[in-house]
Asks: 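Here it is, the structure, as structure tokens.
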2 protein chains.
Amino acid sequence: MKEAYLLMRDAGLKLTPRRQAIIAMFSDSRVQLSPQEVQERLKCQFIRCGLPGVYRNLEALADCGVLFRVVGFGRERSYALCCCSQRDGVHHHHHVICISCGLVGQVESCAYQEGVVIEGFRVVSHVLQLRGICASCSSRETEASG
Amino acid sequence: MKEAYLLMRDAGLKLTPRRQAIIAMFSDSRVQLSPQEVQERLKCQFIRCGLPGVYRNLEALADCGVLFRVVGFGRERSYALCCCSQRDGVHHHHHVICISCGLVGQVESCAYQEGVVIEGFRVVSHVLQLRGICASCSSRETEASG
DNA sequence: TTATAAATGGAAACTATTTCTGTTTATCCT
DNA sequence: AGGATAAACAGAAATAGTTTCCATTTATAA
Ligand SMILES: [Mn+2]
Ligand SMILES: [Mn+2]
Ligand SMILES: [Zn+2]
Ligand SMILES: [Zn+2]
């Protein structure tokens, strides 16, 4: 949380009530959220809250590393909290999201760093995102069925 | 090419002139194409050609494995020819696209097969797509600069 | 406190995608 | 070859996600 504010400050972003609320929202329930969902939830705290502002804020927070953009095929955008402290030296990483509780994990190992040659192609960039079951959800499953 | 028709037949898709043209288009220039771009190119051969039909065909061809869906962040869809013969036993694989010539390569090695545990998460599904420079584009680059 | 650039809401524009409907056509079966 | 049938088709219109624009407010630093 503190971390997020530092990232914002580094990027020259102001700390507005709207942004505090958005960050708190993503921290509380660690799931991916679409702009519409974010607006929906903001309306509990702010009577008026325009979608354009939500879009702007989500993009700004993704730009400075507080959120990351969830990739997919289709039209809807989606964001989630980047679990990783990127302030001291950004390192290459990806995310795995628990489909049960929404926990976001950091995937450090990546075979596709820039420059690596795979199947004859020199890799320039890549997209990787995982969905899975986290350790605690997994053990809860085992208990229930066993 | 023949391969594609068999995949379509397996899926119960009719072999229409529209679909033949779409497949030929993707085979000729091995780049990813948006529905709009596909329609644009179809207009050379067909006077009338509606976008809804293009959308339907691209989805149908992706469903049966002739094309694959290029992932990204945002609203625009994009497809490319799946290089891999999926008919005899579909195997897990991904794609790398040459950013210079559009060549699509098959990435066989994948550390994220279903069931694998990564950073404490049991992997259920994942998205992976690479962009790079293919061997021939790479050597052409070297020639030019050397 | 004051100056300033940034953030904001709302209306409206924009754009990608989907739905709907009536017509045409590929394919299968005589 | 001819007919039946489900699939494919175009085009118009609807839908939905996103962006632009502009006048007003506000966080931040001097
Ligand atoms: Mn990576
Ligand atoms: Mn894989
Ligand atoms: Zn979990
Ligand atoms: Zn190439």
Side-chain angles (χ1 to χ4, degrees), chain A residues 2 4-25 32-64 66-67 69-80, chain B residues 2 4-25 32-64 66-67 69-80:
Chain A
K2 197 67 165 297
Y5 296 162
L6 294 176
L7 283 169
M8 291 171 64
R9 170 177 294 231
D10 287 354
L13 292 181
K14 290 183 179 174
L15 185 56
T16 68
R18 218 45 60 95
R19 286 176 180 159
Q20 293 181 51
I22 290 175
I23 292 170
M25 175 191 310
Q32 64 183 62
L33 297 171
S34 67
Q36 285 74 9
E37 290 169 325
V38 170
Q39 185 196 35
E40 199 68 28
R41 300 185 183 203
L42 279 179
K43 282 187 175 159
C44 303
Q45 301 175 60
F46 304 90
I47 298 125
R48 29 189 56 199
C49 176
L51 258 181
V54 173
Y55 275 93
R56 271 191 307 259
N57 278 328
L58 292 175
E59 272 300 283
L61 291 173
D63 281 342
C64 76
V66 173
L67 303 179
R69 302 175 175 94
V70 177
V71 297
F73 183 78
R75 321 124 283 158
E76 286 151 48
R77 306 206 154 171
S78 189
Y79 300 79
Chain B
K2 195 68 164 296
Y5 296 162
L6 294 175
L7 283 170
M8 291 171 63
R9 169 178 294 230
D10 288 353
L13 292 183
K14 290 183 180 176
L15 184 55
T16 68
R18 217 47 60 98
R19 286 175 179 158
Q20 294 182 50
I22 291 175
I23 292 171
M25 176 190 312
Q32 64 183 62
L33 296 171
S34 67
Q36 285 74 9
E37 291 168 325
V38 170
Q39 185 196 35
E40 199 68 28
R41 299 185 183 204
L42 280 179
K43 281 185 177 161
C44 303
Q45 301 175 58
F46 304 90
I47 298 128
R48 30 187 57 196
C49 177
L51 258 179
V54 173
Y55 275 93
R56 269 192 310 260
N57 279 327
L58 292 175
E59 273 300 284
L61 291 173
D63 281 341
C64 76
V66 173
L67 303 179
R69 302 175 174 95
V70 177
V71 297
F73 182 77
R75 6 165 228 131
E76 284 150 49
R77 307 207 152 170
S78 187
Y79 301 79

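All chains are named by letter (A, B, ...) in the order of the sequence lines, taking the proteins before the strands, and each is independently numbered beginning at 1.
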Asks: With sequence neighbours left out, write down each residue that passes salt bridge (Lys or Arg N to Asp or Glu O under 4.0 Å) with B:Glu40, or none if nothing qualifies.
Replies: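 For B:Glu40 there are no salt bridge (Lys or Arg N to Asp or Glu O under 4.0 Å) partners, ignoring immediate neighbours.
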
Asks: What is the distance, rounded to the nearest whole Å, between atom CG of A:Leu42 and atom C1' of C:dA7?
Replies: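 To the nearest whole Å, that distance equals 14 Å.
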
Asks: Tell me the interatomic distance from B:Leu61, atom CG, to D:dA7, atom P, rounded to whole angstroms.
Replies: 16 Å

Asks: Side chains of B:Gln36 and B:Val54, heavy atoms from C-beta outward: is any pair under 4.5 Å?
Replies: no

Asks: Go through the structure and list residues passing ring pair (Phe, Tyr, Trp, His ring centres under 6.0 Å) with B:Phe73, not counting sequence neighbours.
Replies: A:Tyr79

Asks: Taking only residues two or more places apart in sequence or in another chain, which ones pass side chain to side chain contact (heavy atoms under 4.5 Å, CB included) with A:Gln45?
Replies: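 Expected list: A:Ala21.
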
Asks: Is A:Leu58 close to A:Arg77 at the side-chain level, that is, under 4.5 Å between some pair of heavy atoms?
Replies: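 When only atoms from C-beta onward are counted, A:Leu58 and A:Arg77 do not touch, as no gap falls below 4.5 Å.
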
Asks: Calculate the interatomic distance between A:Arg48 atom CZ and D:dT25 atom P; express it in whole Å.
Replies: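 Going from A:Arg48 (CZ) to D:dT25 (P), I get 11 Å.
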
Asks: Nearest whole Å is fine: how far is D:dT26 C1' from A:Asn57 CG?
Replies: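 Distance, rounded to whole Å: 13 Å.
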
Asks: Restricting to salt bridge (Lys or Arg N to Asp or Glu O under 4.0 Å), what partner residues turn up for B:Arg19, sequence neighbours left out?
Replies: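 Testing B:Arg19 for salt bridge (Lys or Arg N to Asp or Glu O under 4.0 Å), a comparison that skips the adjacent residues, returns none.
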
Asks: Is the closest side-chain heavy-atom distance between A:Arg9 and A:Leu15 below 4.5 Å?
Replies: no

Asks: Can you check nucleotides 28-30 of chain D for protein contacts, nitrogen or oxygen pairs under 3.5 Å, and list what you find?
Replies:
unit_1, atom_1, unit_2, atom_2, d
D:dT28, OP1, A:Leu15, N, 2.9

Asks: Just by protein heavy atoms under 4.0 Å, how would nucleotides 15-21 of chain C read 5' to 3' in B, S and -?
Replies: -SBBB--

Asks: Rounded off to whole Å, could you give me the CD1-to-P distance for the B:Ile47 and D:dC9 pair?
Replies: 16 Å

Asks: To the nearest Å, how far apart are A:Gln39 CD and C:dT8 P?
Replies: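 Whole-Å distance recorded here is 13 Å.
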
Asks: Would you kindly give the CZ-to-C1' distance between B:Arg19 and D:dC9, to the nearest whole Å?
Replies: 10 Å

Asks: Rounded to whole angstrom units, what separation is found between the CG atom of B:Asp63 and the P atom of D:dA7?
Replies: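 It is 15 Å, rounded to the nearest whole Å.
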
Asks: State which residues pass side chain to side chain donor-acceptor pair (under 3.5 Å) with B:Ser78; sequence neighbours excluded, sorted by chain then number.
Replies: B:Gln32

Asks: Can you list every salt bridge (charged side-chain N to carboxylate O under 4.0 Å, His left out) pair that touches residues 48-62 of chain B, not counting sequence neighbours?
Replies: B:Glu59-B:Arg69

